[in-house]
Amino acid sequence: MRNGIADLSLRPLAKALGTSDRMLLYYFGTKERMVAEALDIYERRPLLRTRELLEAVGPPASPADLRRFMEEVWRQFSDPGVRAAFPLYFEIMSASVLHPDRYGPVMRGIVAEWTGLFTSVFRDLGMSRDRACTQATLLADASLGLLIAPLADGHWERAGRAFDALLDSLEPGWQTTA
């Protein structure tokens, strides 16, 4: 997280880890695979926290419950430890577009896991699979954008208000009869 991926060199990293660059290459094959595996493990922390929250409170039984759940997820992303990783994820996201063979699987996996989690939540509200997937994609992708934009302008409070407005817009459509 300190150096990003563009300036990541295996030799200093290996030294900091108490090993050699050859051992890192032996275990991971490439620098990109090592970064992908490290991020895969790290990314699961916020996802794991969200899954644990969902297990603790149970699946939302109404659109209002889902909104409260999403507000808590957003609050967790406000944690400085979680937010500190956003620049690295933005760099990985950019690299996944430019070099899909190297980092594409990482970003596709992150997006798929979040969308899958939200799809299951919408399914628990009684939505059809297609509708749940569409709502989950909209919520996950819009939320990702709202987390990335403040990296450029520093307007985290404005992003939080925009997230509230997003929920205001989406919540009426979460009724199973809609």
Side-chain angles (χ1 to χ4, degrees), residues 1 4-5 8 27-61 63 65-151 156 159-160 162-164 166-167 169-171 173-174:
M1 282 194 281
I5 59 169
L8 180 65
Y27 284 111
F28 297 103
T30 65
K31 175 178 90 169
E32 290 80 11
R33 183 165 170 231
M34 180 190 67
V35 169
E37 288 193 31
L39 283 176
D40 190 43
I41 292 168
Y42 182 80
E43 189 278 331
R44 293 185 195 283
R45 290 180 186 165
L47 186 63
L48 182 60
R49 288 160 112 183
T50 303
R51 287 184 194 273
E52 288 172 349
L53 172 66
L54 191 57
E55 288 175 14
V57 299
D65 289 346
L66 177 53
R67 182 189 181 109
R68 283 189 293 277
F69 171 73
M70 289 308 304
E71 288 169 341
E72 178 58 24
V73 170
W74 184 265
R75 190 192 65 70
Q76 288 185 13
F77 276 103
S78 297
D79 178 86
V82 174
R83 207 175 265 175
F86 290 171
L88 181 60
Y89 282 103
F90 185 67
E91 186 178 2
I92 294 291
M93 185 178 299
S94 298
S96 75
V97 172
L98 297 172
H99 307 285
D101 55 319
R102 292 186 201 163
Y103 295 108
V106 177
M107 286 313 300
R108 283 191 298 274
I110 290 169
V111 172
E113 291 236 18
W114 281 102
T115 304
L117 174 69
F118 294 156
T119 297
S120 71
V121 168
F122 284 118
R123 293 280 292 152
D124 287 343
L125 282 179
M127 289 185 190
S128 70
R129 177 117 183 95
D130 287 344
R131 186 161 164 245
C133 186
T134 299
Q135 290 293 313
T137 299
L138 178 58
L139 186 57
D141 292 0
S143 299
L144 182 61
L146 288 171
L147 290 169
I148 290 176
L151 293 174
W156 292 101
F163 182 75
D164 289 338
L166 174 69
L167 295 180
S169 298
L170 296 178
E171 186 178 355
W174 294 342

J.: Do the side chains of I110 and Y89 get nearer than 4.5 Å, heavy atoms only?
T.: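 A side-chain contact under 4.5 Å exists here.
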J.: Short question: side chain of S96, backbone of M93 - any donor-acceptor pair under 3.5 Å?
T.: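 Yes, the answer is positive, given that a donor and an acceptor are paired below the 3.5 Å cut-off.
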J.: To the closest 0.5 Å, what do you measure between CG (L66) and CG (L125)?
T.: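 It is 5.5 Å, given to the nearest 0.5 Å.
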J.: Any side-chain heavy-atom pair from W74 and L147 closer than 4.5 angstrom?
T.: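 Touching, per the 4.5 Å side-chain cut-off.
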J.: Counting C-beta onward and ignoring hydrogens, is there a side-chain heavy-atom pair between P59 and V121 closer than 4.5 Å?
T.: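 Answer no - side chains too far apart.
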J.: Could you measure the distance from the OG1 atom of T115 to the CD atom of Q135? Nearest 0.5 Å is fine.
T.: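 Atom-to-atom, T115:OG1 and Q135:CD are 12.5 Å apart.
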J.: Kindly compute the distance separating CE (M70) from CG (L166), expressed to the nearest 0.5 Å.
T.: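 M70 atom CE to L166 atom CG measures 8.5 Å (nearest 0.5 Å).
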J.: F86 and I148: side-chain contact (heavy atoms from CB on, under 4.5 Å), yes or no, with the steps?
T.: CA-CA 7 Å; F86 290 171; I148 290 176; over 6 Å; no
J.: Give a yes or no on whether a salt bridge exists between R68 and E71, defined as a side-chain N under 4.0 angstrom from a carboxylate O.
T.: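 Salt bridge between R68 and E71, a charged N being under 4.0 Å from a carboxylate O: no.
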J.: Taking the side chain as every heavy atom from C-beta outward, state whether R83 and L151 have any atom pair closer than 4.5 Å.
T.: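 SC-SC contact between R83 and L151 ruled out.
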J.: From L54 CG over to T50 OG1, what is the distance, rounded to the nearest 0.5 angstrom?
T.: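 One gets 8.5 Å once the value is rounded to the nearest 0.5 Å.
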J.: Over all heavy atoms of both residues, which pair between A84 and P87 is shortest? Give the atoms and the distance, please.
T.: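 Heavy atoms only, the tightest pair is O-CD, 3.4 Å.
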J.: Any chance the rings of F77 and W114 have centres within less than 6.0 Å?
T.: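 So the answer is yes for these two rings.
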J.: Taking side chain as C-beta onward, heavy atoms only, is M127 less than 4.5 Å from T134?
T.: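 When only atoms from C-beta onward are counted, T134 and M127 do not touch, as no gap falls below 4.5 Å.
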J.: Measure the spacing between CZ of F163 and CG of L139 and express it to the nearest 0.5 Å.
T.: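 The CG atom of L139 is 6.0 Å from CZ of F163, to the nearest 0.5 Å.
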J.: When rounded to the nearest 0.5 angstrom, what is the spacing between CZ in R123 and SG in C133?
T.: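 Going from the CZ atom of R123 to the SG atom of C133 covers 10.5 Å.
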J.: So, are R49 and E72 salt-bridged, with charged N and O less than 4.0 Å apart?
T.: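 The answer is no: the pair does not qualify as a salt bridge.
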